[in-house]
Structure formats: C-alpha cells, structure tokens
Amino acid sequence: MSYHEKVYDITRQIPVGKFSTYGSIADYLHLGSARMVGWALKQIDFMDDSIPAHRVLNSKGELSGRNAFPTPETMQVRLEMEGIKVKNWKVVDYDGCYWHPQELDEL
DNA sequence: ACTATGACTCGAG
DNA sequence: CCTCGAGCCATAG
C-alpha cells in the first residue's frame, strides 16, 4: 500500500464537522514530512472526489490548499456546510473542531 | 546525479 | 501580523 493510499484512507475517516492537519496525518503514518500529505492530496481531484480533502488543513487551521480546488471557495463552502466556521481562510473554532488520526486507535 | 518546487512546520526576530 | 531560515522528501525536468 503506497503512502498516498494511506493518506486517502485516513482522510476518508475524518468525521463530518471535524478537520485534521497535514502534520498530524504525516505523523500518524510516519511519513516524516507533511509535504508528502499535501502532495498526495493534490492528486485527488482528478481521480476520486469521494475523498473529503477539504477537511485537511495546515497546522494553523488555514485552508492552504484552496487553490487546488475548482474554485478557491469550494473548500470553505464544504467546511461550512459541515458546520465548520471559516473566517479569512482559517478555522474559527480550531480546538473545538480539531481531529487527530490517533483517535482511530482509541476506538 | 542535480536542481527546483511544493495543499508543510516550527522557531526566532 | 509578517519575514527568514532550516528541515523535510517525492516528483518533475
């Protein structure tokens, strides 16, 4: 299983109304670099739109990948539809919506 | 083999 | 809030 698939696998498991970050995913999968997560995610839009890539943000809760979507607003609109408030390209309630893949092991 | 480029991150100023 | 530098590593040319 390539690391892209692992990234997609984790991304698909992010709960609705929550978001995760490149760093936490890279850390959970032991990729050694958050850049790899971002790289893997940008490959998605043209191969599988069932992956909620909009729920993966940078360490500050900012929508750094908005430009890779059809329109920059797509990412924010999807997040707000799921209940995550976004202001000036960043999550308002960071601590309240943050989700770490580590929680998969605690179930 | 080498360089440049990221949906990145963290600390310092 | 913003800028820099360093560390990161798969991919593209």
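Chain naming here is simple, since letters A, B, ... match the order of the sequence lines and numbering starts at 1 in each.
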Quiz item: Using a cut-off of less than 4.0 Å, is there contact between a side-chain N or O of A:His4 and OP1 or OP2 of C:dT11?
Solution: yes
Exercise. Check whether any side-chain N or O of A:Ser59 sits under 4.0 Å from OP1 or OP2 of B:dC10, and answer yes or no.
Key: yes
Whole angstrom value for the distance that separates [atom2] of [N] from [atom1] of [X]:
| X | N | atom1 | atom2 | value |
| --- | --- | --- | --- | --- |
| A:Leu57 | B:dA7 | CG | C1' | 10 Å |
| A:Lys60 | B:dG11 | NZ | C1' | 11 Å |
| A:Glu62 | C:dC1 | CD | C1' | 11 Å |
| A:Asn67 | B:dA7 | CG | P | 8 Å |
| A:Tyr3 | C:dT11 | OH | P | 4 Å |
| A:Met36 | B:dT5 | CE | C1' | 11 Å |
| A:Trp89 | C:dC2 | CH2 | P | 16 Å |
| A:Gln43 | C:dT11 | CD | C1' | 9 Å |

Exercise. Mind listing the closest non-hydrogen atom pair of A:Tyr94 and A:Gly61 along with its distance?
Key: CE1-N, 3.4 Å
Quiz item: Would you say the side-chain atoms of A:Asp93 and A:Tyr98 include a donor-acceptor pair closer than 3.5 Å?
Solution: no
Exercise. Tell me what A:His54 touches on the nucleic acid: a base, only sugar-phosphate, or nothing, going by heavy atoms under 4.0 Å.
Key: nothing
Quiz item: Is A:Ala26 touching bases, backbone alone, or none of the nucleic acid, heavy atoms closer than 4.0 Å?
Solution: nothing
Exercise. Let me know, please, whether A:Trp39 or A:Lys90 comes out on the 5' side of the other along DNA chain C by nearest nucleotide.
Key: A:Lys90
Quiz item: Which of these nucleotides, B:dT9, C:dC8, B:dA7, is closest to any side-chain atom of A:Met75?
Solution: B:dA7
Quiz item: If you check the A:Asn58 side chain, which of C:dC9, B:dA7, B:dT9 turns out closest?
Solution: B:dT9
Atom pair [atom1] ([X]) and [atom2] ([Y]), whose distance is rounded to the nearest 0.5 Å:
| X | Y | atom1 | atom2 | answer |
| --- | --- | --- | --- | --- |
| A:Leu57 | A:Cys97 | CG | SG | 10.0 Å |
| A:Leu29 | A:Met1 | CG | CE | 9.5 Å |
| A:Arg78 | A:Phe69 | CZ | CZ | 6.0 Å |

Exercise. Please measure how far the P atom in B:dA7 lies from the corresponding atom in C:dG7, and state the result in whole Å.
Key: 22 Å
